[in-house]
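I have placed the structure first, in the form of structure tokens, so that the comments after it can refer back to it.
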Amino acid sequence: MRKDSSFENALIEVISQGLPLVSHPYAAIAEQLDCDEIQVIEGINRIMMRGDMKRFGVVVRHRKLGYRANGMVVWDIPDARVTEIGHCIGQYSFVTLCYQRPRRLPEWPYNLFSMIHGQDRDAVIEQVDFIVRQCGLHDINHEILFSNRCFKQRGASYARKHDLNLPERVLNE
């Protein structure tokens, strides 16, 4: 079983490029690194457990999937209820992000942010209305801030190729 740091550095470099769009992405990565799928999965787990990589997830390009109305809903939640209401809002599959931030008074009273993607603005507004009803937020001040353009989306970069001791065939792919 490979556990050396050069293997994990190579693994970080490969997964930083994004997972292969195949039915068994870890097996495809294993082939690049000349190991097996289990070694890749265990290597990712070790990297995550050490905290060397904090997040491992998918960057979804919503616009390419037809979701053109992207609304950041900002909520002015009483501080004592922000965790409870955050859990309520975040439970819905159409909420892709939900997080707390400090208020910036007096101009910015909002302390909870949630992202909702829809194929059009009406769909997003309906989903926000659903959240208001389900979470009992009728008396909570909120706004939907629709994006006007898409910024570059990419995953985190944890290493530069020239800093790593990667097998030549990994570097050239």
Shortest non-hydrogen contact between Asp76 and Ile140, atoms and distance:
O-CG2, 3.5 Å
Taking only residues two or more places apart in sequence, or in another chain, which ones meet His87 in a side-chain contact (heavy atoms from CB on, under 4.5 Å)?
Thr83
Measuring only between side-chain heavy atoms, which start at C-beta, is Met48 closer than 4.5 Å to Lys54?
no
Roughly how far apart are Ile44 CD1 and Ile12 CD1, rounded to 0.5 Å?
10.0 Å
What residue pairs, at least two apart or across chains, pass side-chain hydrogen bond (donor to acceptor under 3.5 Å, both in side chains) with a residue in residues 111-130?
His62-His117, Asn70-His117, Trp75-Ser114, Asp79-Asn111, Thr96-His117
Verify the cluster assignment for Tyr99 and Val74: are they in a single hydrophobic cluster under the rule of side-chain heavy atoms below 4.5 Å apart?
yes
Which distance, rounded to the nearest 0.5 Å, do you find between the CZ of Phe94 and the CZ of Phe130?
5.5 Å
Spacing of CG belonging to Leu19 relative to NE2 belonging to His24, to within rounding of 0.5 Å:
13.5 Å
Might you confirm whether atom CG of Leu21 has over 12 heavy atoms from other residues, nucleotides or ligands at distances under 6.0 Å?
no
Contact between Glu8 and Arg50 at the side-chain level, heavy atoms closer than 4.5 Å - yes or no?
yes
Under a 4.5 Å side-chain heavy-atom rule over Ile, Leu, Val, Met, Phe, Trp and Tyr, are Ile125 and Tyr92 clustered together?
yes
Tell me, yes or no, whether the heavy-atom count around Tyr110 atom OH, taken from other residues, nucleotides or ligands under 6.0 Å, exceeds 12.
yes
Give, for atom CD of Gln134 and atom CD1 of Ile89, the distance between the pair rounded to the nearest 0.5 Å.
12.0 Å
Nearest heavy-atom pair of Leu112 and Gly86: which atoms, and what distance?
CD2-CA, 3.9 Å
Which pair of non-hydrogen atoms, one from Pro25 and one from Pro20, has the smallest distance, and what is that distance?
CB-O, 3.5 Å
State the CZ-CE distance between Phe146 and Met72, to the nearest 0.5 angstrom.
12.0 Å
Just by modelled atom types, is the Gln39 backbone N or O under 3.5 Å from a matching donor or acceptor in the Glu42 side chain?
no
Can Val132 be reached from Ile85 by stepping across I, L, V, M, F, W or Y side chains whose heavy atoms are under 4.5 Å apart?
yes
Within the structure provided, determine whether Ile131 and Ile116 are in side-chain contact (heavy-atom separation under 4.5 Å).
yes
Can you name the residues that form a disulfide (SG to SG under 2.5 Å) with Cys135, not counting sequence neighbours?
Cys88
Could you see if Ile29 belongs to whatever hydrophobic cluster contains Ile41? Use Ile, Leu, Val, Met, Phe, Trp, Tyr and a side-chain cutoff under 4.5 Å.
yes
Report, as yes or no, whether the 6.0 Å neighbourhood of atom CZ on Arg63 holds more than 12 heavy atoms from other residues, nucleotides or ligands.
yes
Which heavy atom of Leu33 sits nearest a heavy atom of Ala10, and at what distance?
CD2-CB, 3.7 Å
Do you know which two heavy atoms are closest between Phe7 and Gly43, and how far apart they sit?
CE2-CA, 4.5 Å
Does the pair Asp52/Arg46 count as a salt bridge with the N-to-O cut at 4.0 Å?
no
Note, Leu137 side chain near His142 side chain (heavy atom, < 4.5 Å)
no
How close do Val40 and Cys35 get, counting heavy atoms only, and between which atoms?
CG2-SG, 3.7 Å
Do Phe113 and Ile144 sit in one hydrophobic cluster, given that two such residues count as connected whenever their side-chain heavy atoms are within less than 4.5 Å of each other, even indirectly?
no
